[in-house]
Amino acid sequence: MKELAEILLKAESVVAVTGAGVSAESGVPTFRGPDGYWRSHRAEELATAEAFQRNPQLVWEWYNERRLAIAAKEPNPAHRILAGWEKRLPGFHLITQNVDGLHQRAGSRNVIALHGDIWEMRCGTENVTMRNEETPLRVIPPRCQRCGALLRPNVVWFGEALPQAALHRAEKLAETCDALLVIGTSAIVYPAAALPMLAKRRGAVVIEINPDETPLSAQADYRLRGKAGEILSAIDRAIHARSPRCARQEPAKVVGQRRKT
Ligand code: OAD
């Protein structure tokens with residue numbers, strides 16, 4: 001932990017990439033864990049554009065259930081620590097695959113949400129996005145108040161492209177960071193799963209936090225097996241012990257064999 005605290009304090013830029021596991025300790029199910037959504041639901045019936053076209057009612061009922069479940073949960077220590085690091089470590093950036101909004105509720109302000117936001121809806125006809133936190137939804141499926149078209153959740157479904165600006169920014173950050181934490185993701189859904197390798201190829205230190213092995217594990221410089229909340233708390237304590245007010249240290253000239261192009 002001391003070693004990791006040192007790396008994070010000396011880095012000019014630290015990136016954290018999170019997945020569903022970071023919200024597991026809040027009680028939000030993951031996708032592929034023992035109680036994960038994709039164990040009991042078929043992704044192609046709920047999380048594709050074709051499924052929405054076929055049965056918007058069913059898709060919205062599922063999103064309504066998820067919104068209800070998430071609204072009843074609170075951010076956990078992992079979310080709070082990452083929000084704190086945004087304030088304390090000047091070069092800190094958070095990239096998430098999660099759509100639950102718990103990072104934002106914990107106080108993170110600059111979240112790159114690669115897979116969208118479950119609290120937003122999009123009108124396909126007008127291509128307008130709107131915030132909507134109504135739980136439960138009064139009308140399913142919801143319709144655009146302006147043009148009457150069906151609204152869809154503003155999330156990325158299987159087979160769809162990620163928001164280009166967000167992905168571009170995430171890739172740039174991964175390519176130029178000194179340390180990248182990969183927290184609570186099975187690291188199998190691309191292009192998010194490519195970010196740690198992008199960082200690693202440019203010489204960044206890659207730190208995986210996950211109770212389980214993933215396809216990334218063998219490539220990670222540090223593999224911390226355990227729950228995100230517990231491990232991040234331990235790293236955070238080490239950071240405070242090393243630098244009580246989290247004052248920035250002189251940035252390291254070289255961390256790993258970083259090559260910038
Ligand atoms: P997954 O459900 O695939 O993986 C969750 C990961 O979190 C697993 O590797 C678990 O071992 C780990 N985990 C479980 N509890 C944890 C804890 N307390 N602390 C840390 N890690 C823990 O979720 P994602 O990797 O986020 O996409 O899934 C990626 C994408 O696939 C999602 O964004 C979603 C899904 O289909 C779309 O819907 C487009």
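Read the numbers this way: they start at 1 and go in the same order the structure lists the ligands and their atoms. Not measured: the values here are computed from a predicted model.
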Review point. Near Q53 CD, under 6.0 Å, is it more than 12 heavy atoms from other residues, nucleotides or ligands?
Key: no

Exercise for review: Would you check if there is a donor-acceptor pair between the side chains of H103 and T18 at a distance under 3.5 Å?
Suggested key: yes

**Study point:** salt bridge (Lys or Arg N to Asp or Glu O under 4.0 Å) against E126, all qualifying residues, sequence neighbours excluded
**Key:** R146

Check your understanding: Around ligand 1, what residues show up once you keep those with a heavy atom under 4.0 Å from it?
Key -> G19, A20, G21, A24, E25, T30, F31, R32, W38, Q97, H115, V156, F158, G184, T185, S186, V189, N210, P211, D212, K227, A228

Check your understanding: If we ignore angles and hydrogens, is there a donor and acceptor under 3.5 Å between the side chains of T214 and R223?
Key -> no

Please output the side-chain donor-acceptor pairs of residues 185-196 that fall under 3.5 Å, not counting sequence neighbours, one pair per line with the distance.
residue, atom, partner, partner atom, Å
T185, OG1, Q97, NE2, 3.0
T185, OG1, A187, N, 3.1

Exercise for review: Go through the structure and list residues passing salt bridge (Lys or Arg N to Asp or Glu O under 4.0 Å) with K172, not counting sequence neighbours.
Suggested key: E175

